[in-house]
Amino acid sequence: HPVNIPRREKDFQGMLEYKKEDELKLVKNLILELKPRGVAVNLIPGLPAYILFMCLRHADYVNDDQKVRTLLTSTINSIKKILKKRGDDFETVSFWLANTCRFLHCLKQYSGDEAFMKHNTSRQNEHSLSNFDLAEYRQVISDLAIQIYQQLIKCMENILQPMIVSGMLEHETIQGVSGVKPTGLRKRTSSIADEGTYTLDSILRQLSAFHSTMCQHGTDPELIKQVVKQQFYIIGAVTLNNLLLRKDMCSWSKGMQIRYNVSQLEEWLRDKGLMTCGAKETLEPLIQAAQLLQVKKKTDEDAEAICSMCQALTTAQIVKVLNLYTPVNEFEERVSVAFIRTIQTRLRDRCESPQLLMDTKMIYPVTFPFNPSSLALETIQIPSSLNLGFLTRV
Amino acid sequence: RPPSRPRILLKAPTLAEMEEMNISEEEESP
């Protein structure tokens, strides 16, 4: 019986050997039955991706193209399967977006392609795939990551959607007029906002919950920025659309409330170090609509100021706000038809869509900038909680 | 592997083709 000499760390080559018949068990334990809130909570971020890649490395190392193919195919299909089953759970989708991207980065970082090796240690270069070029599989995995990203946005939108109008428009914090709805409106979902009324705070807490979940899962910072930008776009678009459809929202005080809410959202971005991710800019139409509610709307000079201020609003949107505008009190008159004509004349040669409402379903195209990892594969140890005892470190 | 020997490009099915392969496998083993 061979003496079990403990191998020193440097003897491992960062691969995991497994028998072909154990492949189904591998994807079952590592993908299909892994609970993001359970075992996965205290894993190192991206561990499933590293484990899958180390298995792939061994199949490549022994020059078994069939084993490489079947592992990649069952990995991809298992991820798709779990997302079909639990695709409405933000944690699950975020977890597998982070791991799919990490797997994709590993395929690049260890592809042997110079372009992806700039930040590698010499040790990491030794771990490059030796026999197979998986460029075509990288494209498939990138397509999968795009699908998962779109699903994540849908997930997040379903959670945020019911909060936006209440939190950004209806709930008033400035004049101290409490807009608490009767408790009958209590939401059933287990999400953050379980009180009767969604407030701006509910939105901010939910944004923070999304953000910390993605960080905990090891999602690429560049990807988190794109998700946050998309979240802010949805918040801005839904808020503006409701403003444009509701007379009761077009008042001087509502303009003030919106500007306050926007400043809180910007504060949140600053707090998370996300001021440059483009999220703030997506709120520009809403910001300008709020300003439009507060500026003077009488003279030619006022008209000129409005036209130069409202660059992110279409003419239809500007005219709509002016038509819906409700004076502060009986001393203030409604916006005159003549004034609105002046605005329309000034803006007639603008080439823009006649659209009134923003497209709340628009998703910015996503990119996955290459993000190599400094993690040394040979040091990775597999927690027993993953039930992967049939894998052998090589 | 001598660095000079290029890696063999593995042709990959598309996501959709993979899904079809997966469905047919599942039908064979209910």
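Proteins come first, then strands; the chains are lettered A, B, ... in the order of their sequence lines, and each starts at number 1.
Between the A:S373 side chain and the A:L375 main chain, a donor and an acceptor come within less than 3.5 Å of each other. At least one donor-acceptor pair closer than 3.5 Å links the side chain of A:R57 to the backbone N or O of A:G14.
Residues of residues 110-117 of chain A that come within less than 4.5 angstrom of chain B, heavy atom to heavy atom, are A:S111, A:G112 in numerical order. Annotation: residues 86-98 of chain A contacts chain B through no residue [non-hydrogen atoms, separation under 4.5 Å].
Contact check on A:K154 versus A:E157 returns no salt bridge, with no Lys/Arg side-chain nitrogen under 4.0 Å from an Asp/Glu carboxylate oxygen. A salt bridge links A:K225 to A:E222: at least one charged side-chain nitrogen sits closer than 4.0 Å to a carboxylate oxygen. For the pair A:D60 and B:R7, the salt-bridge criterion is not met [side-chain N within less than 4.0 Å of a carboxylate O]. A salt bridge between A:K84 and B:E19 is present, with a side-chain N of the basic residue lying under 4.0 Å from a carboxylate O of the acidic one.
Of the two parts of A:Q147, only the side chain, counted from C-beta on, holds a non-hydrogen atom closer than 4.5 Å to a non-hydrogen atom of chain B.
Only one option out of A:I141, A:L71, A:V27, A:D143 pairs with A:I76 in a side chain to side chain contact (heavy atoms under 4.5 Å, CB included); it is A:I141. The residue from A:L26, A:I51, A:V394 that alone fulfils the side chain to side chain contact (heavy atoms under 4.5 Å, CB included) condition with A:L16 is A:I51.
A cation-pi geometry, defined here as NZ or CZ lying under 6.0 Å from the six-membered ring centre and within 45° of its normal, holds between A:K67 and A:Y18. Within the cation-pi definition used here (under 6.0 Å to the ring centroid, within 45° of the axis), A:K19 does not qualify as a partner of A:F390.
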